There are 2 protein chains.
Amino acid sequence: MDLSSFFPYRLAVLAEAVSQSVALVYGSRFALSREEWRVIAALADKGVMRNVHMVDYTTLDKMQVSRAVARLETKGMIAREPDPEDGRGHVLRILPAGRALVRKIVPMVLAREQFLLADLDDAERAVLDRVLAKVMARAKALGEQG
Amino acid sequence: MDLSSFFPYRLAVLAEAVSQSVALVYGSRFALSREEWRVIAALADKGVMRNVHMVDYTTLDKMQVSRAVARLETKGMIAREPDPEDGRGHVLRILPAGRALVRKIVPMVLAREQFLLADLDDAERAVLDRVLAKVMARAKALGEQG
DNA sequence: TATTGTTATACTCTATAACTATA
DNA sequence: TATAGTTATAGAGTATAACAATA
(Lines give C-alpha, C1' and ligand atoms only; values in the text may rest on other atoms or scores of the structure.)
Protein backbone atom coordinates (compact mmCIF):
# COMPACT_ATOMS: atom_id res chain seq x y z
CA MET A 1 0.00 0.00 0.00
CA ASP A 2 1.98 2.91 -1.33
CA LEU A 3 -0.01 6.11 -0.81
CA SER A 4 1.87 8.02 -3.47
CA SER A 5 0.69 5.69 -6.22
CA PHE A 6 -2.82 5.15 -4.88
CA PHE A 7 -5.18 6.81 -7.34
CA PRO A 8 -7.73 8.21 -4.85
CA TYR A 9 -4.91 9.75 -2.83
CA ARG A 10 -3.19 11.30 -5.84
CA LEU A 11 -6.51 12.63 -7.05
CA ALA A 12 -7.34 14.13 -3.66
CA VAL A 13 -3.98 15.86 -3.35
CA LEU A 14 -4.15 17.20 -6.89
CA ALA A 15 -7.73 18.42 -6.53
CA GLU A 16 -6.84 20.19 -3.30
CA ALA A 17 -3.90 21.98 -4.92
CA VAL A 18 -5.95 22.93 -7.98
CA SER A 19 -8.91 24.09 -5.89
CA GLN A 20 -6.66 26.20 -3.77
CA SER A 21 -5.10 27.90 -6.75
CA VAL A 22 -8.55 28.85 -8.02
CA ALA A 23 -9.83 29.80 -4.57
CA LEU A 24 -6.95 32.23 -4.32
CA VAL A 25 -8.70 34.25 -7.02
CA TYR A 26 -12.37 34.22 -6.03
CA GLY A 27 -11.60 33.86 -2.32
CA SER A 28 -8.59 35.95 -1.43
CA ARG A 29 -9.05 38.64 -4.04
CA PHE A 30 -12.84 38.82 -4.25
CA ALA A 31 -13.97 37.53 -0.84
CA LEU A 32 -16.28 34.80 -2.09
CA SER A 33 -16.66 31.40 -0.48
CA ARG A 34 -16.49 28.31 -2.68
CA GLU A 35 -20.27 27.99 -2.45
CA GLU A 36 -20.89 31.64 -3.36
CA TRP A 37 -18.52 31.31 -6.28
CA ARG A 38 -20.31 28.27 -7.64
CA VAL A 39 -23.74 29.87 -7.30
CA ILE A 40 -22.79 33.17 -8.89
CA ALA A 41 -20.80 31.50 -11.67
CA ALA A 42 -23.81 29.35 -12.49
CA LEU A 43 -26.07 32.39 -12.49
CA ALA A 44 -23.68 34.39 -14.65
CA ASP A 45 -23.87 31.58 -17.17
CA LYS A 46 -27.61 31.05 -17.06
CA GLY A 47 -28.84 34.53 -16.09
CA VAL A 48 -31.89 33.20 -14.29
CA MET A 49 -32.24 29.91 -12.47
CA ARG A 50 -34.62 28.15 -10.14
CA ASN A 51 -33.24 27.47 -6.69
CA VAL A 52 -34.03 23.77 -7.05
CA HIS A 53 -31.97 23.49 -10.18
CA MET A 54 -29.07 25.27 -8.50
CA VAL A 55 -28.69 22.39 -6.05
CA ASP A 56 -28.11 19.91 -8.89
CA TYR A 57 -26.02 22.21 -11.01
CA THR A 58 -23.50 23.16 -8.30
CA THR A 59 -23.48 19.77 -6.52
CA LEU A 60 -24.06 21.66 -3.29
CA ASP A 61 -26.76 20.64 -0.86
CA LYS A 62 -29.84 22.75 -0.23
CA MET A 63 -28.49 24.31 2.96
CA GLN A 64 -25.25 25.36 1.35
CA VAL A 65 -27.18 26.91 -1.53
CA SER A 66 -29.58 28.60 0.87
CA ARG A 67 -26.75 30.25 2.78
CA ALA A 68 -24.70 31.18 -0.25
CA VAL A 69 -27.78 32.75 -1.84
CA ALA A 70 -28.55 34.71 1.34
CA ARG A 71 -25.01 36.12 1.45
CA LEU A 72 -24.94 36.98 -2.24
CA GLU A 73 -28.29 38.71 -1.83
CA THR A 74 -26.97 40.77 1.10
CA LYS A 75 -23.99 41.76 -1.00
CA GLY A 76 -26.31 42.95 -3.75
CA MET A 77 -24.96 40.46 -6.28
CA ILE A 78 -28.14 38.51 -6.95
CA ALA A 79 -31.88 38.85 -6.42
CA ARG A 80 -34.31 36.23 -5.22
CA GLU A 81 -37.95 36.30 -6.25
CA PRO A 82 -40.84 33.95 -5.52
CA ASP A 83 -41.35 31.43 -8.29
CA PRO A 84 -44.66 32.31 -9.98
CA GLU A 85 -45.08 28.68 -11.01
CA ASP A 86 -44.42 27.12 -7.61
CA GLY A 87 -45.21 29.00 -4.42
CA ARG A 88 -42.63 27.01 -2.50
CA GLY A 89 -39.72 27.83 -4.77
CA HIS A 90 -37.62 30.81 -5.69
CA VAL A 91 -36.13 32.15 -8.87
CA LEU A 92 -32.60 33.52 -8.71
CA ARG A 93 -31.42 36.32 -10.93
CA ILE A 94 -27.98 37.86 -11.27
CA LEU A 95 -27.78 41.65 -10.75
CA PRO A 96 -25.46 44.08 -12.56
CA ALA A 97 -23.06 44.19 -9.61
CA GLY A 98 -22.87 40.41 -9.63
CA ARG A 99 -22.30 40.28 -13.34
CA ALA A 100 -19.55 42.86 -13.04
CA LEU A 101 -17.87 40.82 -10.32
CA VAL A 102 -18.00 37.62 -12.36
CA ARG A 103 -16.64 39.45 -15.38
CA LYS A 104 -13.59 40.35 -13.35
CA ILE A 105 -13.10 36.85 -11.93
CA VAL A 106 -13.74 34.65 -14.96
CA PRO A 107 -10.76 35.69 -17.09
CA MET A 108 -8.47 35.16 -14.12
CA VAL A 109 -9.70 31.66 -13.30
CA LEU A 110 -9.75 30.66 -16.96
CA ALA A 111 -6.16 31.83 -17.21
CA ARG A 112 -5.31 29.61 -14.26
CA GLU A 113 -7.08 26.69 -15.88
CA GLN A 114 -5.06 27.20 -19.05
CA PHE A 115 -1.85 27.42 -17.06
CA LEU A 116 -2.65 24.17 -15.26
CA LEU A 117 -3.31 22.33 -18.53
CA ALA A 118 -0.59 24.01 -20.56
CA ASP A 119 1.74 21.00 -20.58
CA LEU A 120 -0.88 18.71 -22.10
CA ASP A 121 -1.13 18.16 -25.84
CA ASP A 122 -4.46 17.75 -27.62
CA ALA A 123 -4.46 13.97 -27.35
CA GLU A 124 -3.80 14.11 -23.62
CA ARG A 125 -6.57 16.65 -23.15
CA ALA A 126 -9.00 14.43 -25.00
CA VAL A 127 -8.07 11.41 -22.90
CA LEU A 128 -8.29 13.45 -19.71
CA ASP A 129 -11.76 14.59 -20.65
CA ARG A 130 -12.89 11.03 -21.33
CA VAL A 131 -11.20 9.62 -18.24
CA LEU A 132 -12.80 12.17 -15.90
CA ALA A 133 -16.22 11.21 -17.26
CA LYS A 134 -15.59 7.48 -17.01
CA VAL A 135 -14.23 7.56 -13.47
CA MET A 136 -17.02 9.91 -12.40
CA ALA A 137 -19.61 7.43 -13.63
CA ARG A 138 -17.89 4.66 -11.67
CA ALA A 139 -17.65 6.79 -8.53
CA LYS A 140 -21.36 7.58 -8.75
CA ALA A 141 -22.11 3.88 -9.01
CA LEU A 142 -20.04 3.21 -5.89
CA GLY A 143 -21.71 6.09 -4.08
CA GLU A 144 -25.17 4.75 -4.82
CA GLN A 145 -24.49 1.25 -3.57
CA GLY A 146 -22.53 2.42 -0.49
CA MET B 1 -18.16 30.34 -17.82
CA ASP B 2 -19.73 26.92 -17.82
CA LEU B 3 -19.01 25.22 -14.50
CA SER B 4 -19.61 21.74 -15.84
CA SER B 5 -16.74 22.00 -18.29
CA PHE B 6 -14.39 23.95 -16.02
CA PHE B 7 -11.52 21.62 -15.21
CA PRO B 8 -10.96 22.64 -11.57
CA TYR B 9 -14.67 22.17 -10.87
CA ARG B 10 -14.86 18.78 -12.56
CA LEU B 11 -11.74 17.67 -10.73
CA ALA B 12 -13.10 18.82 -7.37
CA VAL B 13 -16.42 17.04 -7.84
CA LEU B 14 -14.73 13.85 -8.99
CA ALA B 15 -12.17 13.86 -6.18
CA GLU B 16 -14.92 14.37 -3.65
CA ALA B 17 -16.90 11.41 -4.97
CA VAL B 18 -13.81 9.21 -5.13
CA SER B 19 -12.64 10.23 -1.66
CA GLN B 20 -16.03 9.50 -0.24
CA SER B 21 -16.13 6.04 -1.74
CA VAL B 22 -12.79 5.24 -0.12
CA ALA B 23 -13.69 6.93 3.16
CA LEU B 24 -16.70 4.67 3.36
CA VAL B 25 -14.24 1.81 3.92
CA TYR B 26 -11.70 3.20 6.36
CA GLY B 27 -14.17 5.64 7.92
CA SER B 28 -17.56 3.97 8.22
CA ARG B 29 -16.34 0.41 8.59
CA PHE B 30 -13.12 0.94 10.54
CA ALA B 31 -13.69 4.26 12.31
CA LEU B 32 -10.59 6.03 11.05
CA SER B 33 -10.45 9.67 10.08
CA ARG B 34 -8.86 10.61 6.78
CA GLU B 35 -5.76 11.81 8.65
CA GLU B 36 -5.48 8.62 10.71
CA TRP B 37 -5.88 6.54 7.56
CA ARG B 38 -3.08 8.37 5.79
CA VAL B 39 -0.73 8.10 8.74
CA ILE B 40 -1.31 4.42 9.39
CA ALA B 41 -1.22 3.55 5.68
CA ALA B 42 2.13 5.31 5.40
CA LEU B 43 3.42 3.47 8.45
CA ALA B 44 2.18 0.12 7.21
CA ASP B 45 4.18 0.71 4.06
CA LYS B 46 7.35 1.98 5.71
CA GLY B 47 7.20 0.22 9.10
CA VAL B 48 9.05 3.00 10.89
CA MET B 49 9.01 6.68 10.09
CA ARG B 50 10.13 9.97 11.58
CA ASN B 51 7.32 12.32 12.48
CA VAL B 52 8.86 15.08 10.36
CA HIS B 53 8.86 12.89 7.30
CA MET B 54 5.22 11.96 7.90
CA VAL B 55 4.19 15.56 7.34
CA ASP B 56 5.66 15.56 3.83
CA TYR B 57 4.59 12.06 2.96
CA THR B 58 0.91 12.49 3.84
CA THR B 59 0.62 16.15 2.77
CA LEU B 60 -0.95 16.85 6.14
CA ASP B 61 0.23 19.70 8.33
CA LYS B 62 2.05 19.16 11.60
CA MET B 63 -1.04 19.65 13.76
CA GLN B 64 -3.08 17.17 11.81
CA VAL B 65 -0.28 14.64 12.07
CA SER B 66 0.16 15.36 15.77
CA ARG B 67 -3.51 14.69 16.48
CA ALA B 68 -3.82 11.69 14.21
CA VAL B 69 -0.74 10.16 15.83
CA ALA B 70 -2.13 10.81 19.31
CA ARG B 71 -5.41 9.09 18.45
CA LEU B 72 -3.72 6.12 16.78
CA GLU B 73 -1.47 5.76 19.82
CA THR B 74 -4.49 5.75 22.14
CA LYS B 75 -6.09 3.06 20.01
CA GLY B 76 -2.96 0.94 20.32
CA MET B 77 -2.29 0.99 16.59
CA ILE B 78 1.09 2.71 16.61
CA ALA B 79 3.87 3.57 19.04
CA ARG B 80 5.77 6.81 19.36
CA GLU B 81 9.33 6.88 20.67
CA PRO B 82 11.79 9.74 21.09
CA ASP B 83 14.13 10.06 18.15
CA PRO B 84 17.61 9.06 19.37
CA GLU B 85 19.17 11.26 16.71
CA ASP B 86 17.13 14.40 17.41
CA GLY B 87 15.79 15.10 20.87
CA ARG B 88 13.00 17.25 19.46
CA GLY B 89 11.62 14.61 17.16
CA HIS B 90 9.80 11.32 17.39
CA VAL B 91 9.96 8.02 15.58
CA LEU B 92 6.67 6.35 14.74
CA ARG B 93 6.31 2.59 14.57
CA ILE B 94 3.32 0.49 13.57
CA LEU B 95 2.15 -2.09 16.13
CA PRO B 96 0.70 -5.53 15.39
CA ALA B 97 -2.84 -4.29 15.97
CA GLY B 98 -2.26 -1.48 13.51
CA ARG B 99 -0.79 -3.81 10.95
CA ALA B 100 -3.74 -6.17 11.33
CA LEU B 101 -6.15 -3.28 10.79
CA VAL B 102 -4.36 -2.10 7.67
CA ARG B 103 -4.29 -5.66 6.33
CA LYS B 104 -8.06 -5.70 6.52
CA ILE B 105 -8.54 -2.30 4.92
CA VAL B 106 -6.01 -2.38 2.09
CA PRO B 107 -7.58 -5.13 -0.04
CA MET B 108 -10.92 -3.34 0.20
CA VAL B 109 -9.65 0.07 -0.86
CA LEU B 110 -7.53 -1.45 -3.63
CA ALA B 111 -10.63 -3.23 -4.88
CA ARG B 112 -12.42 0.11 -4.97
CA GLU B 113 -9.54 1.68 -6.84
CA GLN B 114 -9.69 -1.12 -9.42
CA PHE B 115 -13.43 -0.69 -9.75
CA LEU B 116 -13.05 3.05 -10.31
CA LEU B 117 -10.45 2.53 -13.04
CA ALA B 118 -12.02 -0.56 -14.59
CA ASP B 119 -13.35 1.23 -17.67
CA LEU B 120 -9.93 2.54 -18.65
CA ASP B 121 -7.69 0.67 -21.06
CA ASP B 122 -3.92 0.53 -20.67
CA ALA B 123 -3.29 3.54 -22.87
CA GLU B 124 -5.77 5.64 -20.93
CA ARG B 125 -4.22 4.58 -17.64
CA ALA B 126 -0.80 5.59 -18.88
CA VAL B 127 -2.05 8.99 -20.00
CA LEU B 128 -3.92 9.48 -16.74
CA ASP B 129 -0.77 8.75 -14.81
CA ARG B 130 1.24 11.22 -16.85
CA VAL B 131 -1.46 13.88 -16.78
CA LEU B 132 -1.86 13.76 -13.01
CA ALA B 133 1.88 14.31 -12.64
CA LYS B 134 2.00 17.16 -15.14
CA VAL B 135 -0.97 19.03 -13.70
CA MET B 136 0.32 18.49 -10.18
CA ALA B 137 3.62 20.11 -11.11
CA ARG B 138 1.75 23.08 -12.57
CA ALA B 139 -0.49 23.40 -9.52
CA LYS B 140 2.55 23.40 -7.25
CA ALA B 141 4.06 26.18 -9.32
CA LEU B 142 0.87 28.21 -8.96
CA GLY B 143 0.75 27.50 -5.23
CA GLU B 144 4.28 28.74 -4.74
CA GLN B 145 3.79 32.03 -6.53
CA GLY B 146 0.35 32.66 -5.01
C1' DT C 1 17.71 32.04 15.95
C1' DA C 2 15.41 28.21 13.79
C1' DT C 3 12.97 23.83 14.14
C1' DT C 4 9.99 20.04 16.25
C1' DG C 5 5.98 19.16 18.18
C1' DT C 6 1.90 20.16 21.41
C1' DT C 7 -1.65 22.94 23.01
C1' DA C 8 -5.12 26.83 23.00
C1' DT C 9 -8.39 29.39 20.88
C1' DA C 10 -11.59 31.08 17.87
C1' DC C 11 -13.60 30.27 13.75
C1' DT C 12 -15.70 27.86 10.04
C1' DC C 13 -17.89 23.91 8.15
C1' DT C 14 -20.91 20.02 8.29
C1' DA C 15 -24.65 16.89 9.33
C1' DT C 16 -28.94 16.07 11.18
C1' DA C 17 -33.11 17.21 11.87
C1' DA C 18 -36.93 20.25 13.07
C1' DC C 19 -39.93 23.35 11.02
C1' DT C 20 -42.98 26.36 7.69
C1' DA C 21 -45.23 26.68 3.60
C1' DT C 22 -46.87 24.82 -0.50
C1' DA C 23 -48.05 20.89 -3.75
C1' DT D 1 -47.72 12.63 1.95
C1' DA D 2 -44.06 14.74 -0.40
C1' DT D 3 -41.20 18.70 -1.71
C1' DA D 4 -38.84 23.55 -1.27
C1' DG D 5 -36.48 26.09 1.61
C1' DT D 6 -34.96 28.09 6.22
C1' DT D 7 -33.35 27.76 10.71
C1' DA D 8 -31.25 25.51 14.92
C1' DT D 9 -27.84 23.09 16.96
C1' DA D 10 -24.17 20.27 18.03
C1' DG D 11 -19.97 18.12 16.49
C1' DA D 12 -16.04 18.13 13.57
C1' DG D 13 -12.64 20.29 11.30
C1' DT D 14 -9.37 24.43 10.38
C1' DA D 15 -6.20 28.23 10.92
C1' DT D 16 -3.39 31.06 13.66
C1' DA D 17 -0.43 31.56 16.85
C1' DA D 18 1.59 30.84 21.40
C1' DC D 19 4.50 27.82 23.63
C1' DA D 20 8.29 24.37 25.44
C1' DA D 21 12.15 21.79 24.22
C1' DT D 22 15.94 21.11 21.45
C1' DA D 23 19.20 22.28 17.60
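Residue numbers begin at 1 in each chain, while the letters A, B, ... track the order of the sequences. Remember, predicted model here, so these are calculated numbers, not experimental data.
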Identify whether the distance between the nearest side-chain nitrogen and carboxylate oxygen of R130(B) and E124(A) falls below 4.0 Å. yes
Hey, what do you get for CZ (R50(A)) to CD (E85(A)), rounding to the nearest 0.5 Å? 4.5 Å
Provide, to the nearest angstrom, the distance between the CE atom belonging to M54(B) and the C1' atom belonging to dT4(C). 15 Å
Value in whole Å for how far the P atom of dT6(D) lies from CG of L72(A): 13 Å
Counting primed atoms, P, OP1 and OP2 as sugar-phosphate and everything else as base, the B/S/- map of nucleotides 17-23 of chain C against protein heavy atoms under 4.0 Å is B---BBS
Using whole Å, what does the distance between atom P of nucleotide dA4(D) and atom CG of D83(A) come to? 11 Å
Separation of atom CZ in R50(B) from atom P in dA23(D), rounded to whole Å: 12 Å
Output the rounded distance in Å from CG (L32(B)) to P (dG13(D)). 12 Å
What is the distance, rounded to the nearest whole Å, between atom NE2 of H53(B) and atom P of dT3(C)? 18 Å
Closest non-hydrogen atom pair between A42(A) and M49(A), with its separation: CB-SD, 4.2 Å
For residues 91-101 of chain B, tabulate all N or O donor-acceptor pairs below 3.5 Å that involve a side-chain atom, not counting sequence neighbours.
{"residue": "R93(B)", "atom": "NE", "partner": "E81(B)", "partner atom": "OE2", "Å": "3.0"}
{"residue": "R93(B)", "atom": "NH2", "partner": "E81(B)", "partner atom": "OE1", "Å": "3.4"}
{"residue": "R99(B)", "atom": "NH1", "partner": "A44(B)", "partner atom": "O", "Å": "3.4"}

Using residues 5-19 of chain B as the side-chain source, report each donor-acceptor pair under 3.5 Å to any protein atom, sequence neighbours left out, with the distance given to one decimal.
{"residue": "S5(B)", "atom": "OG", "partner": "D2(B)", "partner atom": "O", "Å": "3.2"}
{"residue": "Y9(B)", "atom": "OH", "partner": "Y57(A)", "partner atom": "O", "Å": "3.1"}
{"residue": "Y9(B)", "atom": "OH", "partner": "T58(A)", "partner atom": "O", "Å": "3.4"}
{"residue": "Y9(B)", "atom": "OH", "partner": "T59(A)", "partner atom": "OG1", "Å": "3.3"}
{"residue": "R10(B)", "atom": "NH1", "partner": "D129(A)", "partner atom": "OD1", "Å": "2.6"}
{"residue": "R10(B)", "atom": "NH2", "partner": "D129(A)", "partner atom": "O", "Å": "3.3"}
{"residue": "S19(B)", "atom": "OG", "partner": "A15(B)", "partner atom": "O", "Å": "3.0"}

Taking CZ from R34(B) and P from dG13(D), how many angstroms apart are they, rounded to a whole number? 10 Å
Nearest-nucleotide 5' precedence on DNA chain C, S33(A) against V52(B): V52(B)
Establish, with yes or no, whether the OP1 or OP2 oxygen of dG5(C) is under 4.0 angstrom from a side-chain nitrogen or oxygen of S66(B). no
Cation over ring, R34(B) on Y26(B), under 6.0 Å and within 45°? no
Sugar-phosphate only, base, or nothing, as touched by N51(A) at under 4.0 Å among non-hydrogen atoms: sugar-phosphate
Heavy-atom count around D56(B) CG within 6.0 Å, excluding the residue itself: above 12? yes
Give a yes/no on whether any side-chain N or O of Q64(B) is located under 4.0 angstrom from OP1 or OP2 of dT14(D). yes
Measuring from the side chain of R67(B) (C-beta onward, heavy atoms only), which nucleotide among dT14(C), dT6(C), dT14(D) has the closest atom? dT14(D)
d(CG, D56(A); C1', dT3(D)) in whole Å: 13 Å
